[in-house]
Number of protein chains: 2
Amino acid sequence: MVGARAGVSVATVSLVTSGKTAGRVSKENIARVQEAVAELGYVVNGLGSSLAKGRSNIVILVAPDVSNPFFAKVIAGVREVLGESFQLLLSVTEAGQTPAPQDVRKLLALRPAGLLVDAPSAHFLAELQMSDPMVLLDAAGITSAAPSINFDVAHGAHLLALHLEAQGHAAVAYLDSSTGTETFRVRREAFHRSAAQLGLKVVAQGSSMIDVGAAALAFTDSWSDWSHKGVSAVVCATDTHAYGVLQEARVAGLAVPKELAVTGFDDLPYSATSNPGLTTVHLPALEMGRLAGRELQKLMAGEAAQTVPKTLPATLVVRGSTAEPA
Amino acid sequence: MVGARAGVSVATVSLVTSGKTAGRVSKENIARVQEAVAELGYVVNGLGSSLAKGRSNIVILVAPDVSNPFFAKVIAGVREVLGESFQLLLSVTEAGQTPAPQDVRKLLALRPAGLLVDAPSAHFLAELQMSDPMVLLDAAGITSAAPSINFDVAHGAHLLALHLEAQGHAAVAYLDSSTGTETFRVRREAFHRSAAQLGLKVVAQGSSMIDVGAAALAFTDSWSDWSHKGVSAVVCATDTHAYGVLQEARVAGLAVPKELAVTGFDDLPYSATSNPGLTTVHLPALEMGRLAGRELQKLMAGEAAQTVPKTLPATLVVRGSTAEPA
DNA sequence: CTGAAAGCGCTTACAG
DNA sequence: CTGAAAGCGCTTACAG
């Protein structure tokens with residue numbers, strides 16, 4: 001450790017670089033060490049440091065779909081809370097895929113201080129059997145000992161059904177995501193339940209990956225059938241699906257919302273500016289990131305975890321895709 | 001190290017877990033160790049391992065905008081090449097921002113085996129002064145000792161000018177990105193140069209962040225002015241900008257491409273399915289990821305780096321936003 | 001206020 | 001084929 005260029009012991013250098021000088025190191029030595037550090041461009045080796053301390057300062061965020069504008073907000077929220085003290089890293093898996101057991105193992109080998117897991121599957125959590133601090137995000141429908149922050153997607157689906165019924169729709173189609181994440185099951189089942197209560201008939205179903213092109217294809221393949229069944233609105237599991245439907249509706253010359261209403265879920269940035277704007281369920285992503293970050297901090301500080309999942313409200317944003325502007 | 005439950009020394013366990021048993025450990029001991037590992041759910045502590053070996057197996061990808069569908073492909077390419085041997089992690093910064101010096105320092109503290117830096121600024125690289133393996137991606141206009149993989153965006157811009165001139169346009173507006181990344185400077189300057197050669201006039205300029213809403217706003221604010229100047233086409237620095245323009249053109253009742261042609265840059269997935277489809281410059285993102293991964297592997301293996309930046313071809317994809325379907 | 005020393009969990013020559 | 005030992009770069013009681 002070349003920092004001994006300051007003429008002090010390694011112990012003193014360590015004290016200075018980790019900021020634990022209070023009443024332990026003289027002013028002169030602090031200055032001398034800082035100077036040497038600056039001159040040599042010394043950076044503490046996190047490997048040695050973490051090993052000695054028994055834990056790293058890495059927080060890993062595991063998510064199936066990092067390349068999603070919705071997720072960017074979640075990340076921003078987490079960063080805001082975790083700040084300087086932890087190094088946030090994203091685990092990368094195949095697009096749309098939850099990481100495989102061996103990926104997880106490699107992550108744990110880094111001995112992260114904490115784990116944030118977005119949209120986990122039950123299977124994934126079973127594999128994990130984490131004892132380290134862990135917080136689940138968007139884990140509706142999952143039971144786990146780990147604290148979780150969820151969106152009230154069921155209520156969101158309910159609001160959607162209410163709105164469509166009020167707009168006079170009688171028969172709708174549901175375009176689901178084929179990724180099989182729990183949140184989509186909850187969205188779908190809640191919508192069906194609410195629709196049934198209201199006398200709104202879900203007469204057709206479809207599904208595709210979360211991709212504009214795939215959703216567009218799913219819609220064009222089904223539309224003639226749906227049309228015969230009297231479908232006047234398509235309820236999509238995500239905004240991305242809705243974009244595909246909006247596009248193909250335009251190609252097919254269908255007037256939106258007059259001949260066909262379209263709804264989404266997530267309220268991605270694009271939904272506010274599309275034409276027509278997309279009626280969708282807004283989920284407070286930034287807030288989710290913040291809460292998850294805070295909960296993880298507590299856990300990492302050794303405090304007790306929340307036991308009841310925290311649920312964030314979902315709200316309905318009505319735009320031109322379901323209602324003519326007043 | 002509880003693995004000594006197999007009745008062997010730590011050294012033997014280490015040999016087994018790192019797969020270096022060839023002619024060094026007996027079959028029985030291999031089996032015994034593997035059994036103990038499985039029973040105890042043992043995971044090698046990467047901190048200790050990396051410290052002993054002098055380097056980690058972490059590769060960090062630094063990028064200003066991870067939440068971008070374009071970037072998802074780059075990542076896929078990198079993963080494909082790096083495979084099992086390295087742990088790919090994404091560094092997270094504020095959306096659209098290149099990481100600050102202190103962020104970089106924290107990254108280096110992890111002693112990554114290699115660094116992949118996307119769209120770096122000259123300033124960022126100066127701060128870095130890396131001696132570790134590093135490969136730059138999309139660093140057009142940057143000079144650095146590190147190998148880099150670039151897109152030939154200048155040629156792409158040239159193709160765009162050629163196409164617009166051939167379509168009979170005489171006056172166009174350029175909608176730039178306000179992020180100030182080098183690649184946008186190159187795109188803009190190349191387009192202006194080519195346009196000037198062809199007698200195509202760039203009569204107006206605008207700029208916004210890379211965001212559909214922001215681009216839409218920039219367009220509506222400028223359109224009456226641009227219109228007076230005889231603008232018949234808007235050339236956008238990214239597809240995202242183009243989406244904003246397309247939307248507002250529709251709102252304004254402008255027929256695309258008849259009254260207003262629109263072009264993008266990047267060829268995001270959405271551009272193929274938008275209506276009209278977006279004429280844009282296709283950049284081979286997956287291929288860039290692969291090449292960058294391969295180059296980094298060479299570097300990490302101690303082989304000589306390529307000295308000349310590798311440039312991937314940009315191609316023009318003509319769609320409905322500039323040309324009526326035949 | 002300071003430094004010598006033990007130890008974090010591994011890997012890797014080295015001697016047997 | 002096997003194990004004892006040194007060492008990777010730190011941190012943290014501990015003794016002074």
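As a basis for the values below, the full set of heavy atoms in this structure was taken, side chains included, without hydrogen atoms, waters or symmetry mates. The chains referred to below are lettered A, B, ... by the order of the sequence lines, with proteins before strands, and numbering in each begins at 1.
The side chain of A/Val44 lies closest to D/dT11 when the candidates are D/dT11, D/dG7, C/dT2. Of the candidate nucleotides D/dC10, C/dT12, C/dG3, C/dT12 has the atom nearest to the side chain of B/Lys53. Of the candidates C/dG9, C/dC10, D/dC10, D/dC10 carries the atom nearest the A/Tyr42 side chain, counting heavy atoms from C-beta on. The side chain of A/Leu51 has D/dG9 as its nearest neighbour among D/dG9, C/dT11, C/dG3. Relative to the side chain of B/Ser49, the nucleotides C/dT11, C/dG9, D/dC10 differ in distance, and C/dT11 lies closest.
The shortest heavy-atom contact between A/Thr21 and A/Val16 is CG2-CA, 3.7 Å.
At D/dC1, none of the side-chain N or O atoms of B/Asn29 fall inside 4.0 Å of OP1 or OP2 (strictly under the cut-off). For A/Ser26 and C/dT2, the shortest distance from a side-chain N or O to OP1 or OP2 is below 4.0 Å.
Comment: B/Glu35 does not engage B/Arg32 in a salt bridge, judged by the lack of any side-chain N to carboxylate O separation of less than 4.0 angstrom.
Remark: the B/Thr179 side chain and the B/Ser177 side chain contain an N/O donor-acceptor pair separated by less than 3.5 Å.
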Would you check, one step at a time, whether the test salt bridge (charged side-chain N to carboxylate O under 4.0 Å, His left out) holds for B/Arg185 with B/Glu182? CA-CA 5 Å; B/Arg185 187 181 58 72; B/Glu182 277 302 301; 2.6 Å; yes
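Following rounding to the nearest Å, A/Lys20 (NZ) and D/dT11 (P) show an atom-to-atom distance of 7 Å. Per the geometry, CZ belonging to A/Arg24 stands 12 Å off C1' belonging to C/dG3, to the nearest Å. A/Arg111 has its CZ atom 18 Å from the C1' atom of D/dG9, to the nearest Å. Computed from coordinates, the A/Leu15 CG to C/dC1 P distance equals 11 Å when rounded to whole Å. We find that CG of A/Asn57 is positioned 11 Å from P of D/dT11, with the value rounded to whole Å. Note: CG (B/Leu47) to C1' (C/dG9) measures 9 Å, nearest angstrom.
Checking D/dA4 for Watson-Crick or G-U wobble geometry (two distances, each under 3.5 Å) identifies no partner in any strand.
B/Lys310 contributes atom NZ, which lies 9.5 Å from atom CZ of B/Arg294 (distance to the nearest 0.5 angstrom).
For the pair A/Asn45 and B/Thr12, both in contact range of DNA chain D, the more 5′-proximal nearest nucleotide belongs to B/Thr12. Across the interface with DNA chain D, nearest-nucleotide mapping of B/Thr21 and B/Gly54 shows B/Thr21 to be the residue nearer the 5′ end.
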